[in-house]
> 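One structure is given below, represented as structure tokens, and several questions about it will come after.
All values derive from a computational prediction rather than experimental measurement. Computed from heavy atoms alone, side chains included, the values below leave out hydrogens, waters and symmetry copies.
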Amino acid sequence: MKRLVIVSNRVAEIKSKASAGGLSVALQAALQESGGLWFGWNGVVSDTVPGELSLDTEGGVTYATTDLSRTEHGGYYQGYANRTLWPLFHYRVDLAVFERGYYEHYEAVNARFARCLAPLLRPDDLIWVHDYHLIPLGEELRKIGYTGPLGFFLHIPFPVPEILRALYNHKRLVRHLLAYDLVGLQTERDVGALSEYLTQEVGGTVSADGVARAYGGETRIGAFPIGIDTENFAQLAVSAPARRHSERMIESLHERRLIIGVDRL
């Protein structure tokens with residue numbers, strides 16, 4: 001059986017099992033079943049150039065993590081990933097910040113991650129890369145000689161071509177995607193948006209079974225929805241601590257109305 005290698009921007013918060021979002025649910029389930037390697041950022045922002053990888057094995061899973069420098073964190077993570085891609089891919093062009101320096105850091109961090117990961121890889125590994133932070137990672141691994149299977153999953157929407165074209169280097173970003181053998185998206189609408197972009201913008205083709213041909217290569221694209229752990233949420237909702245918190249909140253309102261909102265933007 002091939003070893004599963006998962007690459008995501010953040011490892012530390014997921015390893016703690018404190019999160020119940022789609023990313024952590026999917027990856028925890030996969031690794032608990034098969035074991036393997038999980039690589040990514042450890043959540044530490046360093047004032048110096050990041051040093052060696054930290055390796056930690058727990059429950060059959062090896063966690064390989066690295067720091068981000070303050071410059072990398074500002075340009076790659078806070079900048080291009082979260083000030084440019086996140087709002088743009090959620091159709092909020094008005095909130096997107098287009099700064100060329102951000103993209104330079106974005107590509108540089110993806111290249112460094114690839115160099116850090118490469119010595120840990122085996123020829124028959126199955127690599128599964130996650131989310132908008134790491135779109136260029138597959139191509140960076142190809143550049144340094146990795147020839148094994150590469151998969152990518154995007155956990156946020158993929159925008160329609162009219163929105164994506166607002167990004168000054170949109171063609172370069174999509175070309176990075178086509179370094180993967182399989183690109184997974186959340187919904188059929190997202191698949192349609194990527195397919196439309198490939199056919200309209202770069203003269204590619206997408207067959208009925210999801211095989212995309214563009215830039216001289218071939219990639220399969222498809223919808224693979226990932227949700228939250230609903231069973232766990234239901235159990236938490238009826239737990240004793242949850243009931244106590246609920247009762248205290250109701251008492252504190254004194255019959256006033258309460259609005260709760262969760263919005264990353």
> Under 4.5 Å between side-chain heavy atoms, chaining through other members, with only Ile, Leu, Val, Met, Phe, Trp and Tyr counted: pull out the rest of the cluster around Leu236, sorted by chain and number.
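Reading the cluster by chain and number, Leu236 sits alone, since nothing else belongs.
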> Does Gln186 reach the main-chain N or O of Ile226 with its side chain, forming a donor-acceptor pair under 3.5 Å?
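A pair under 3.5 Å: yes.
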> Taking all non-hydrogen atoms of both residues, which atom of Ala96 and which atom of Thr84 are closest, and how far apart?
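Looking at all heavy atoms of both residues, the shortest contact is CB-O, 4.0 Å.
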> Does any pair with a residue in residues 188-197 pass salt bridge (Lys or Arg N to Asp or Glu O under 4.0 Å), and if so which ones, sequence neighbours excluded?
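Every pair satisfying salt bridge (Lys or Arg N to Asp or Glu O under 4.0 Å) with a residue in residues 188-197: there are none.
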> Mind checking what makes side-chain hydrogen bond (donor to acceptor under 3.5 Å, both in side chains) contact with His170, not counting sequence neighbours?
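Applying side-chain hydrogen bond (donor to acceptor under 3.5 Å, both in side chains) to His170 gives Tyr197.
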> When hydrophobic residues are tied together by side-chain contacts of less than 4.5 Å, even through go-betweens, does Ile144 share a cluster with Tyr146?
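As far as the 4.5 Å side-chain criterion goes, Tyr146 and Ile144 are connected within one cluster.
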> Would you confirm whether Asp124, through its side chain, and Gly148, through its main-chain N or O, come within 3.5 Å as a donor-acceptor pair?
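Not at all, since once roles are kept as given, no pair shorter than 3.5 Å links the two residues.
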> Report the relative orientation of the aromatic rings in Tyr132 and Trp86; use parallel for angles under 30°, tilted for 30 to 60°, perpendicular for over 60°.
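Ring orientation, 0 to 90° scale: tilted.
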> To the nearest 0.5 Å, how far apart are CG in Leu121 and CD1 in Ile127?
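Reported value, rounded in 0.5 Å steps: 4.5 Å.
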> Could you list the residues that satisfy salt bridge (Lys or Arg N to Asp or Glu O under 4.0 Å) with Arg142, not counting sequence neighbours?
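Testing Arg142 for salt bridge (Lys or Arg N to Asp or Glu O under 4.0 Å), a comparison that skips the adjacent residues, returns Asp181.
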> Consider only side-chain heavy atoms of I, L, V, M, F, W and Y, link residues closer than 4.5 Å, and tell whether Phe113 and Leu55 are in one cluster.
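In one cluster with Phe113: Leu55, yes.
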> Counting C-beta onward and ignoring hydrogens, is there a side-chain heavy-atom pair between Arg10 and His133 closer than 4.5 Å?
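Side chain of Arg10 against side chain of His133, heavy atoms only: no contact under 4.5 Å found.
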> How close do Gly138 and Ala179 get, heavy atom to heavy atom, and via which atoms?
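That closest heavy-atom pairing would be C-CB, 4.0 Å.
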> If you round to the nearest 0.5 Å, how far is NE2 of His130 from CD1 of Ile6?
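It is 5.0 Å, given to the nearest 0.5 Å.
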> Is there a path of hydrophobic side-chain contacts, each under 4.5 Å between heavy atoms of I, L, V, M, F, W or Y residues, that connects Ile259 with Leu253?
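No, no single cluster joins them.
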> Holding to side-chain hydrogen bond (donor to acceptor under 3.5 Å, both in side chains), I want the full list of residues that pass it with Tyr106, two or more places apart in sequence or in another chain.
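In terms of side-chain hydrogen bond (donor to acceptor under 3.5 Å, both in side chains), with neighbours along the sequence ignored, Tyr106 is linked to no residue.
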> I'd like to know if the side chain of Thr65 and the backbone of Gly40 have a donor-acceptor N/O pair within less than 3.5 Å.
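Absent.
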> Just to verify, which of Leu120, Thr57, Asp125 counts as forming a side-chain contact (heavy atoms from CB on, under 4.5 Å) with Leu37?
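When side-chain contact (heavy atoms from CB on, under 4.5 Å) is applied between Leu37 and each of Leu120, Thr57, Asp125, only Leu120 qualifies.
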> Test of understanding: with salt bridge (Lys or Arg N to Asp or Glu O under 4.0 Å), list the residues that count as partners of Lys143, not counting sequence neighbours.
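Counting only residues at least two positions away or on another chain, Lys143 forms a salt bridge (Lys or Arg N to Asp or Glu O under 4.0 Å) with Glu140.
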> Could you pull out the closest heavy-atom pair between Phe152 and Ile135, with the gap in Å?
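Closest heavy-atom pair between Phe152 and Ile135: CZ-CG1, 3.7 Å.
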> List the residues meeting salt bridge (Lys or Arg N to Asp or Glu O under 4.0 Å) with Glu139, not counting sequence neighbours, and say none if there are none.
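Partners of Glu139 by the salt bridge (Lys or Arg N to Asp or Glu O under 4.0 Å) criterion come out as none, since no residue qualifies.
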> Looking only at heavy atoms, what is the nearest atom pair of Val202 and Tyr215, with distance?
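Nearest pair, atom of Val202 first, then Tyr215: CG1-OH, 3.0 Å.
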> Heavy atoms, side chains only, cut-off 4.5 Å: are Tyr102 and Leu85 in contact?
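The answer is no, as the side chains (C-beta and beyond) never meet within the 4.5 Å cut-off.
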> In plain terms, say whether Arg92 and Asp94 are close enough for a salt bridge, that is, a side-chain N and a carboxylate O under 4.0 Å apart.
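Answer for the salt bridge query: yes.
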> If you compare all heavy atoms of Trp41 against all heavy atoms of Thr66, which two are closest, and at what distance to 0.1 Å?
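Taking every non-hydrogen atom into account, CD1-O, 3.2 Å.
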> With sequence neighbours excluded, what pairs up with Glu72 under the side-chain contact (heavy atoms from CB on, under 4.5 Å) test?
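Glu72 satisfies side-chain contact (heavy atoms from CB on, under 4.5 Å) with Pro50, Leu68, Ser69, Val109, Arg112 once adjacent residues are dropped.
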> For the residue pair Pro157 and His90, what are the closest heavy atoms and their distance?
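Minimum heavy-atom separation between Pro157 and His90: CD-NE2, 3.5 Å.
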> So Tyr103 and Tyr80, would you call those rings parallel, tilted or perpendicular, with 30° and 60° as cut-offs?
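It falls in the perpendicular class, over 60°.
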> Distance from Thr187 atom OG1 to Phe224 atom CZ, nearest 0.5 Å?
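It comes to 12.5 Å.
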> Could you pull out all residues at least two apart from Ser246 that satisfy side-chain hydrogen bond (donor to acceptor under 3.5 Å, both in side chains)?
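Counting only residues at least two positions away or on another chain, Ser246 forms no side-chain hydrogen bond (donor to acceptor under 3.5 Å, both in side chains).
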> Working to the nearest 0.5 Å, report the span between CZ of Arg213 and CG of Leu198.
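Here the rounded value is 12.5 Å.
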> Within the side chain of Tyr91, is there an N or O that forms a donor-acceptor pair under 3.5 Å with the backbone of Ile163?
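Here the side-chain-to-backbone pair does not exist.
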> So, taking the atom named CH2 in Trp128 and the one named CH2 in Trp38, what distance separates them when rounded to the nearest 0.5 Å?
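Spacing of CH2 (Trp128) from CH2 (Trp38) equals 10.0 Å.
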> Just verifying a value: how many Å separate Leu53 CG and Asn42 CG, rounded to the nearest 0.5 Å?
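The distance works out to 9.5 Å.
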> Assess, by modelled atom type and distance only, whether the side chains of Arg248 and His245 contain a donor and an acceptor separated by less than 3.5 Å.
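Yes, because at least one side-chain N or O of Arg248 sits under 3.5 Å from a partner of the opposite role on His245.
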> Just by modelled atom types, is the Ala212 backbone N or O under 3.5 Å from a matching donor or acceptor in the Thr219 side chain?
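Flag not set: sc Thr219 to bb Ala212 has no pair under 3.5 Å.
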> Can you list the residues that meet the side-chain hydrogen bond (donor to acceptor under 3.5 Å, both in side chains) rule with Ser207, with sequence neighbours excluded?
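Here the qualifying residues are Asp209.
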> Mind checking what makes ring pair (Phe, Tyr, Trp, His ring centres under 6.0 Å) contact with Phe89, not counting sequence neighbours?
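Listed in chain order: Phe158.
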> Do the side chains of Leu154 and Leu177 get nearer than 4.5 Å, heavy atoms only?
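No; the side chains remain at least 4.5 Å from each other.
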> Who passes salt bridge (Lys or Arg N to Asp or Glu O under 4.0 Å) against Arg243, sequence neighbours left out?
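For Arg243 there are no salt bridge (Lys or Arg N to Asp or Glu O under 4.0 Å) partners, ignoring immediate neighbours.
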> Do Glu99 and Arg83 come within less than 4.5 Å of each other through their side chains, counting heavy atoms only?
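Of all side-chain heavy-atom pairs linking Arg83 with Glu99, none is under 4.5 Å.
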> Are Leu137 and Tyr180 packed together at the side-chain level, in the sense that at least one heavy-atom pair is separated by less than 4.5 angstrom?
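Yes, their side chains come closer than 4.5 Å.
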> Keeping the roles fixed (side chain from Asp131, backbone from His155), state whether a donor-acceptor pair exists under 3.5 Å.
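Checked: pair present.
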> Cluster question for you: counting only ILVMFWY and a side-chain heavy-atom cut-off of under 4.5 Å, with indirect links fine, are Tyr168 and Tyr76 together?
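Linked within one cluster.
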